[in-house]
Amino acid sequence: MTEALTRAAWLRGEIERHNHAYYVQDAPQTSDAQYDLLMRELQALEASYPELITPDSPTQRVGAAPLTAFGSVTHAVPMLSLGNAFEAEDVHAFDKRVGDTLRAAGKLSGAEQVDYFCELKLDGLAINLRYERGALVQAATRGDGQTGEDVTSNIRTIKSIPLRLTGEPHEIPEVLEVRGEVFMNLADFDLLNEAQRTRGEKIFVNPRNAAAGSLRQLDPRITAQRPLRFFAYGWGDVGGLQLVKHSDMLDWMARLGLPVNVTQHVVAQGAADLLRYYEQVGARRASLPYDIDGVVYKVNDLEAQRVLGFVARAPRFAVAHKFPAQEAFTTLLDIEVQVGRTGAITPVARLAPVFVGGVTVTNATLHNEDEIRRKDVRVGDTVVVRRAGDVIPEVVGPVLEKRPAFAPQFVMVTACPVCGSAIERLEDEAIARCTGGLFCAAQRKQSLIHAAGRKALDIEGLGEKLVEQLVDRERIHSLADIFTLQAAELAGFERMGQKSADNLIAAIQQAKQPPLGRLIFALGIRHVGETTARDLALHFGSIENVMAASVDDLLGVNDVGPVVAGSIARFFAETHNQEIVHALREQGVEPQAEVAARSAGLSGKTFVLTGTLPVWSREEASSLIVAAGGKVTGSVSRKTSFVVAGTDAGSKLEKARELGVTVLDEDGLRALLADVEFT
Ligand code: IVH
C-alpha cells in the first residue's frame with residue numbers, strides 16, 4: 001500500500017512534468033507512447049486502490065460529470081479591462097500621463113523615463129484561476145468583471161494549466177489568483193475545424209470563437225478534446241506578497257509551473273521603446289502561432305501601479321495598443337467567375353467593402369468549386385473575411401446564424417461567361433476550365449498580359465487596361481500583333497498621351513530581341529515556367545529547334561518530365577501556335593541565345609555562324625555553343641569573339657576579316673568545345 005502510494009505520487013509528478021515540458025515549454029521530453037504508459041499505469045493503480053485518488057491527479061482532469069448549467073462566481077478582485085491606444089500619439093499621451101502622475105507623486109525624477117513591461121495581447125478569453133495552498137480549486141470566466149461563470153471542470157482539462165503548483169514550498173502562497181488568456185493555436189484550430197467538418201459538426205469562424213465555444217461546453221469530456229492553451233499575464237487575489245515588479249510576478253508564476261509567454265516579453269523605457277516593440281511585434285504578427293490583437297504596456301513597478309490606480313473599469317498603469325483587425329464581417333454580394341490564361345475558372349467573392357488588416361477589401365478569391373462547397377458560403381451570407389500580414393484576403397466562412405432565408409448554393413457555370421465555350425472539369429482536377437483556348441477573349445487577354453509581363457517580354461506600358469482595350473477593339477489577336485502597333489493609333493486609347501505612346505513603341509522595339517528563354521516563357525505553354533523556359537533555350541538554342549523537338553528530344557532537357565514534354569509538344573503541334581512563332585519572326589523578333597550561368601566554358605564569348613557546315617546544322621552548332629555557355633548572335637561586330645564559317649559564307653565572313661575577328665571552321669569549333677566540361 002505505501003509502495004502503491006509512493007509509486008502513484010511518482011507517476012503524477014512525472015506526468016505533470018511531461019505536461020509542463022510539452023505544453024508550457026514546447027520542449028517534449030518523452031514520446032507519446034512513453035507518456036501513455038505512465039498514464040495507463042497510474043490509471044490501473046488508482047483503479048486497484050481508489051482511496052489513492054487525489055483531486056489533482058492527472059487522471060482526474062477529465063473526471064467531472066456533465067453540468068446542466070454553469071454556476072456563477074463572484075470575483076474576489078474585479079476583472080478589469082484595458083484602455084485602448086490606436087495611434088502612436090495615443091501611446092505618447094499615455095506615457096506622458098503616467099510620467100506626469102509619477103513625477104507629481106515623487107516616484108520619478110525629472111528626466112527619468114518610465115519603466116514598462118511589454119506583452120502580447122492574445123486574442124482569446126480572460127480566465128481567473130484560483131489556487132489555494134497550491135491546488136487549483138476554481139476557474140471562472142470574466143463575465144461582467146464582477147461575476148463570471150464557474151468553468152473549473154473545463155479548465156482542469158487544459159494540460160498546460162497545473163492542477164497543483166510546483167516549485168519551492170516557501171514560494172507557494174495561501175491564495176493565488178492567476179489571470180490569463182485561454183486561446184487556441186492557429187494550426188490546432190485548422191485541425192479542429194477539419195475534424196468538425198468530417199463529423200458534420202459546427203465549423204468555427206476563428207480560433208477565439210473556437211476557444212470560447214470549447215470552454216462553454218457543459219460536458220468537460222468535449223472540452224478535453226479541444227486543443228486549448230493558456231498564458232498567465234496577471235493576478236487577482238494574492239496573499240502575502242513581497243515582490244516589487246510586474247516582471248518579478250510573472251517570473252515567480254513561471255517558477256510555480258504556470259505558463260507564461262516569456263519569450264515574447266520585453267522591458268522598455270519611455271514611449272519610443274514602446275513604439276519600437278509595437279513595430280517589431282507587428283512585423284512578426286503573421287508568423288506567430290496564435291492570433292493577437294495588439295500589445296499591452298504595463299508600468300513595471302508595482303508601487304507605481306498603486307499610485308496610478310484605476311479609472312472606471314480600467315487601470316491607469318496599463319494600455320492595450322491595438323493592431324488593425326485581421327478579421328471582419330461583411331456581406332457576400334456575389335460570386336463571379338474569372339477566366340485565367342489557361343482557361344482556369346476562378347470564382348471570386350464580391351464583398352461589401354470592409355476595412356480589414358489595414359486595407360479596404362472588396363474582392364477575395366474563392367479558389368474553386370470544392371472550396372466553396374467546403375466553406376458553404378452563399379450569396380447573401382454574412383461572412384468572415386481575413387487578411388493576415390501581406391497575405392491576400394480570404395473568405396473564412398459564413399456566419400450561419402445570419403444566413404438569409406433563401407440563400408442558394410453556388411452552382412458552377414457550364415458555359416464560359418466570356419466566350420460561351422463549354423466549361424470542362426477533368427475528374428482528378430479541382431479546377432474547371434474554359435475549353436475555348438485562344439478563341440476566348442479572356443484567355444487571349446490574360447496570355448497577352450502574361451507575355452508583356454516583367455518575367456517575359458517585359459514591355460513596360462503594356463498593362464492590363466491597355467491589353468483589354470486592344471483586344472476588345474480587335475486590334476490585337478495574338479502576341480505577334482503587339483509588334484505591329486504604331487504610336488499614332490495608340491493616341492486614341494484611354495490614358496494614352498503622345499509621350500506614353502512613344503515610350504510604349506520604344507519598349508516594344510526593345511522587346512524584339514528578347515533572351516530566348518523569356519520568349520519561350522512568354523508563349524505561355526502550360527507547365528513551362530521561367531526556369532524550364534530557360535533550360536529549353538539553353539538546350540535547343542533556337543525557337544525553331546524547340547518547335548521541331550520530339551517528346552524524346554524534350555525529355556533530354558534538364559528537369560523536363562513526360563507531363564512537361566507532352567505539353568510542349570502539343571503546344572507546337574497546334575498550327576495557330578506555329579503561326580504565332582512565324583509571325584513573330586516576320587515582325588523582326590530575334591530571340592537572343594541564353595548564356596548558361598554555371599558553365600564557365602564559353603561564357604562571355606559571342607559567336608556568329610555563317611554558311612553551311614559540313615556535319616552540324618546551324619542549329620546543332622548553335623545549341624552546342626549555348627550549352628557550353630556561349631552566346632550566338634546574328635551579326636558580326638567588334639564584340640564578336642568568333643565567326644564560325646562553312647561553305648558559301650558571305651558578307652559575315654568578310655566583315656569578320658575586316659574587323660579582325662577570329663574565324664573558325666567546324667573542326668575549330670569542335671576543338672573549342674572539346675575543352676569545355678558540360679554540366
Ligand atoms: S491585462 C487590469 N494583459 O485583453 C488589466 N490583458 O482588453 C487586465 N488580454 O480582458 C488585463 N492579453 O482578456 C492583459 N497580456 C495581457 C493580455 C490581456 C490579452 C485581454 C484580456 C482582457 C482584455 C482587455
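Note that the structure is predicted; figures quoted are calculated from it, not measured. One-based numbering along the sequence shown. For ligands, and for the atoms within them, numbers begin at 1 and follow the listed sequence.
- Between Phe86 and Phe323, the ring centre distance reaches or exceeds 6.0 Å.
- Contact between Leu120 and ligand 1 is present, with at least one heavy atom of the residue lying under 4.0 Å from the ligand.
- Ring-plane geometry between Tyr278 and His321 is classed as parallel, the angle between the planes falling under 30 degrees on a 0 to 90 degree scale with a further cut at 60.
- Protein heavy atom closest to atom 8 (C) of ligand 1, with residue, atom name and distance, is Leu80 O, 3.9 Å.
- Across the listed options Phe310, Phe183, Tyr233, Tyr233 owns the non-hydrogen atom lying nearest to atom 16 (C) of ligand 1.
- When hydrogens are left out, the protein atom nearest atom 20 (C) of ligand 1 is Glu181 OE1, 3.5 Å; that is the closest non-hydrogen contact.
- Counting only heavy atoms of the protein, atom 5 (C) of ligand 1 lies nearest to Leu82 CD2, 3.6 Å.
- Ion pairing between Asp376 and Arg378 holds under the 4.0 Å rule for side-chain N and carboxylate O.
- At least one N or O atom of Leu122 sits closer than 3.5 Å to an N or O atom of ligand 1.
- For ligand 1, one of its N or O atoms has an N or O atom of Lys121 under 3.5 Å away.
- In this structure, the protein non-hydrogen atom closest to atom 10 (O) of ligand 1 is Ala126 CB, 3.8 Å.
- The nearest non-hydrogen atom to atom 1 (S) of ligand 1, considering only Lys298, Glu119, His246, comes from Lys298.
- Taking the centre of each ring, Phe189 and Phe204 stay at or above the 6.0 Å mark.
- For residues 248-266, the pairs satisfying salt bridge (Lys or Arg N to Asp or Glu O under 4.0 Å) are Glu171-Arg255, with sequence neighbours left out.
- Heavy-atom separations between Pro315 and ligand 1 include at least one value shorter than 4.0 Å.
- Atom CZ of Arg221 is surrounded by 12 or fewer heavy atoms from other residues, nucleotides or ligands within 6.0 Å.
- By the side-chain contact (heavy atoms from CB on, under 4.5 Å) test, Ala325 is found to be paired with no residue, residues two or more places apart in sequence or in another chain being considered.
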